[in-house]
Novice: 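Once you've had a glance at the structure underneath, I'll fire off some questions.
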Amino acid sequence: MNYYGVKAIYLHEMDRMRRTLFQSLVSPLISTSLYFIVFGSAIGSRIKEVDGVAYGSFIVPGMIMLTLLTQSISNASFGIYFPKFTGTIYELLAAPISSFEIILGFVGAAATKSLIIGCVIIATAGLFVDLNIAHPLVMMFFLIFTAVTFSLFGFIIGFWADNFEKLQLIPILIITPLVFLGGSFYSINMLPEFWQKVSLFNPVLYLVSGFRWSFYEIADVSIFTSLATMLFILFSCITIISISFAKGYKIKN
Amino acid sequence: MKNFISIVNLSKVYANNFKALDEINLEIEKGEIFALLGPNGAGKSTLINIICGIVTSSAGKILVNNFDIKKEYRKARSLIGIVPQELTLEAFETVWDNVCYSRGLYGKSLNSNYIESLLKELSLWEKRKSKLRELSGGMKRRVLIAKALSHEPTVLFLDEPSASVDVELRKDMWGIVKRLKQKGVTIILTTHYIEEAEEIADRVGIINHGKIIVVDRKDELIKRLGEKKLILELQETINNIPTILQEFNLELSEDKKRITYTYDTKNKRTGITTLLNLMRDEGINLKDMNTEKSSLESIFINLVKGSNNELLRS
Ligand SMILES: Nc1ncnc2c1ncn2[C@@H]1O[C@H](COP(=O)(O)OP(=O)(O)O)[C@@H](O)[C@H]1O
Ligand SMILES: [Mg+2]
């Protein structure tokens with residue numbers, strides 16, 4: 001195990017975040033505040049509460065999931081795409097470091113970044129609304145696993161993308177719609193029956209539901225289904241990445 | 001001397017079916033400076049990128065210090081430092097951080113004293129806190145060298161080290177290369193400048209169209225370089241060279257009309273006067289004479305031309 005190599009990649013990536021601390025924190029903070037204003041205040045004045053939870057509080061877990069997913073994916077995909085783009089990838093290819101260790105460094109850093117941002121958002125949300133966390137350990141589990149899983153997913157995107165458009169395509173085309181339609185800002189009970197059924201095919205629904213359960217003990221689907229879905233996505237990402245590495249680098253000529 | 005790197009039957013076909021390397025066999029000795037000389041597109045970068053793990057090979061085998069570069073890539077790569085042809089660097093990181101990062105990737109703990117002496121040796125110490133994008137092209141090249149040496153490799157690859165480099169840096173670089181050699185570091189550089197190969201290499205390998213055409217000690221090539229040919233056109237044909245002239249390095253042309261004398265210009269006595277006197281005594285009359293100089297350049301050009309012709313024929 002090349003411990004120093006993993007550490008070097010991890011710190012190198014974290015350093016990039018430090019240099020861009022302002023952008024890294026400010027944009028999620030602004031969008032969170034906007035969600036609070038638009039959904040929390042405007043809509044919340046009409047919908048008093050959902051399943052006994054004030055609407056402003058109800059949307060917090062979904063909002064955190066939204067940020068966590070988009071941040072994890074963009075951090076990790078950009079992290080590995082950037083050296084491919086500038087050519088500095090040569091160093092990673094020439095170093096005595098395994099694919100697994102490279103992934104550990106990049107995904108570890110991307111997940112850490114989105115966890116930091118997630119925590120900042122929870123703290124910010126606490127300023128706007130009442131938050132109580134019924135199951136802190138389950139909440140931490142969801143937070144960490146979501147960050148790691150979607151950082152891995154982002155790494156796969158950045159690894160396969162060969163231009164900037166592709167890098168942005170999947171997050172915009174798939175992730176954002178799935179998160180918005182995954183019950184982040186509503187309970188699926190509020191939908192007509194047909195759309196409730198359709199929603200059940202959306203994996204993000206299970207994440208949001210499970211995460212919300214750890215806060216308020218209310219959920220659209222059982223917490224165990226949520227946990228199983230979470231692990232299933234993580235396992236799928238690990239499988240995809242193992243297969244693509246086994247088949248050989250696309251980044252290597 | 002012990003072979004440090006051996007390359008056996010190495011071939012490379014790129015994804016577009018272009019054959020960049022064709023059955024390369026090459027041995028690099030420990031502690032030598034080896035220059036890989038060849039025109040643009042010959043396959044120099046491809047060859048060293050394969051040894052370093054940046055490009056994958058299509059066939060063949062490479063051992064670095066007896067470690068297979070695929071099966072024992074960790075051990076093989078730990079020994080290698082590479083300065084790439086392109087100036088590829090991050091933009092916003094500082095020189096110091098970036099050089100330490102490279103060392104970390106190679107699995108070594110930070111050694112501030114070593115990095116400090118390295119940066120000082122490369123005249124980068126004053127710039128250690130500068131961001132990489134603020135540096136000039138020459139300074140970037142120095143940073144790439146520092147990165148390649150950050151983990152104290154025993155073999156250093158320099159891909160076109162003097163491309164877009166000023167005279168001062170080139171001098172510095174050759175200084176560093178010579179000092180590294182004294183420490184026992186093996187150095188392999190690629191170049192398409194003949195003078196560069198002549199200046200610092202111990203051995204030279206000439207590559208063209210993905211094939212190694214010749215590998216020889218530089219002195220041997222220089223010896224050929226010092227050789228000159230005296231071409232004597234005869235008035236009448238002769239059947240063979242008279243015995244009295246056999247001690248000279250003479251060659252009779254196929255049409256029996258011309259004698260070529262190959263001699264070393266660096267010898268105190270070239271023997272030309274004696275030869276001409278003896279020929280007069282033998283009654284061989286000359287119609288005309290001229291001389292031809294063989295330079296490494298002409299050797300190089302002839303070899304490359306020869307291999308091009310061969311390629312056309314096949
Ligand atoms: N990624 C690639 N895909 C296809 N052909 C390539 C690639 N890289 C290099 N080549 C071709 O391989 C040949 C050798 O290239 P290279 O090793 O860079 O030559 P040199 O370094 O001697 O100038 C060239 O003809 C080049 O066009
Ligand atoms: Mg080249």
Side-chain angles (χ1 to χ4, degrees), chain A residues 1-24 75 78-106 108-109 158-160 162 244-253, chain B residues 12-16 18 20 45-46 48-58 67 69 72-94 97-98 100-111 131-133 144 147-148 150-151 153 157 159:
Chain A
M1 177 87 182
N2 182 347
Y3 163 74
Y4 286 108
V6 176
K7 186 177 156 195
I9 295 174
Y10 182 85
L11 293 179
H12 188 247
E13 286 299 296
M14 291 309 289
D15 217 34
R16 219 193 28 241
M17 182 191 188
R18 195 183 46 71
R19 282 196 302 270
T20 55
L21 191 65
F22 194 68
Q23 294 103 294
S24 303
N75 288 337
F78 192 73
I80 185 67
Y81 179 77
F82 193 63
K84 277 205 311 182
F85 177 71
T86 57
T88 52
I89 188 98
Y90 85 88
E91 236 188 327
L92 291 169
L93 300 178
I97 189 162
S98 68
S99 314
F100 173 73
E101 289 155 354
I102 292 177
I103 294 171
L104 208 58
F106 276 103
F159 181 69
W160 287 107
D162 45 20
S244 34
F245 271 98
K247 279 192 169 176
Y249 284 113
K250 199 191 182 186
I251 34 180
K252 238 186 207 187
N253 281 312
Chain B
K12 171 66 185 176
V13 180
Y14 277 111
N16 59 2
F18 180 81
S45 298
T46 304
I48 72 168
N49 284 343
I50 290 176
I51 304 173
C52 297
I54 298 168
V55 171
T56 53
S57 61
S58 310
F67 299 124
I69 63 154
E72 296 162 288
Y73 70 95
R74 280 189 205 268
K75 285 176 182 162
R77 290 183 194 171
S78 305
L79 304 171
I80 298 175
I82 177 168
V83 181
Q85 183 173 349
E86 313 292 339
L87 290 175
T88 41
L89 277 172
E90 300 250 327
F92 300 102
E93 217 177 357
T94 63
D97 286 350
N98 200 244
C100 293
Y101 166 67
S102 295
R103 186 179 167 91
L105 283 183
Y106 278 81
K108 292 210 162 180
S109 63
L110 178 65
N111 179 343
K131 293 208 169 77
L132 294 168
R133 63 163 189 171
L144 286 172
K147 281 161 74 73
S150 64
H151 62 284
F157 288 86
D159 197 356

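Chain identifiers are assigned alphabetically (A, B, ...) following the order of the sequence lines, protein sequences preceding nucleic acid strands; residue numbering begins at 1 within each chain. Quick caveat: nothing in here was measured; it's all calculated off a predicted structure.
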Novice: Tell me, for B:Leu144 versus chain A, whether the close heavy atoms (under 4.5 Å) come from the side chain, the backbone, both or neither.
Specialist: side chain
Novice: Taking all atoms of both residues into account, what is the closest heavy-atom pair of B:Gly104 and A:Asn2, and its distance?
Specialist: O-OD1, 4.0 Å
Novice: Side chain from CB out, backbone as N, CA, C, O: work out which of these in B:Asp97 comes under 4.5 Å of a heavy atom of chain A, or both, or neither.
Specialist: side chain
Novice: Just do the side chain to side chain contact (heavy atoms under 4.5 Å, CB included) check on B:Glu90 and A:His12 with the steps written out, would you?
Specialist: CA-CA 11 Å; B:Glu90 300 250 327; A:His12 188 247; 3.3 Å; yes
Novice: Go through the atoms of B:Lys75 and report whether side chain, backbone, both or neither lie under 4.5 Å from a heavy atom of chain A.
Specialist: neither
Novice: Tell me, out of B:Gly81, B:Pro84, B:Ser78, who's got the most heavy-atom pairs with chain A below 4.5 Å.
Specialist: B:Pro84
Novice: Heavy-atom pairs under 4.5 Å with chain B are the metric here; pick the option from A:Ala95, A:Pro83, A:Gly87 that has the most.
Specialist: A:Ala95
Novice: So how far is it from B:Cys100 SG to A:Tyr4 OH, rounded to the nearest 0.5 Å?
Specialist: 13.0 Å
Novice: CG/B:Asn98 to CG/A:Asp15 distance, rounded to the nearest 0.5 angstrom?
Specialist: 10.5 Å
Novice: Take a 6.0 Å sphere around CZ of A:Phe85 and say whether it holds more than 12 heavy atoms from other residues, nucleotides or ligands.
Specialist: no
Novice: Strictly distance-based, threshold 3.5 Å: is any side-chain N or O of B:Arg77 a donor or acceptor partner for the main-chain N or O of A:Leu93?
Specialist: yes
Novice: For atom OH of B:Tyr14, is the number of surrounding heavy atoms from other residues, nucleotides or ligands below 6.0 Å larger than 12?
Specialist: yes
Novice: Among A:Glu91, A:Lys7, A:Glu101, whose side-chain contact (heavy atoms from CB on, under 4.5 Å) with B:Leu105 holds?
Specialist: A:Glu91
Novice: Should B:Glu93 and A:Arg16 be marked as a side chain to side chain contact (heavy atoms under 4.5 Å, CB included) after you check the CA-CA gap, both sets of side-chain angles, and the distance that decides it?
Specialist: CA-CA 8 Å; B:Glu93 217 177 357; A:Arg16 219 193 28 241; over 6 Å; no
Novice: What's the shortest heavy-atom distance between B:Tyr73 and A:Ser98, and which atoms?
Specialist: OH-CB, 3.1 Å
Novice: Quick check: closest heavy atoms across A:Ala94 and B:Tyr106, and the distance to 0.1 Å?
Specialist: O-OH, 3.3 Å
Novice: Mind listing the closest non-hydrogen atom pair of B:Ile54 and A:Tyr90 along with its distance?
Specialist: CG1-O, 3.8 Å
Novice: Which heavy atom of A:Thr86 sits nearest to which heavy atom of B:Thr88, and what is that distance?
Specialist: O-CG2, 3.3 Å
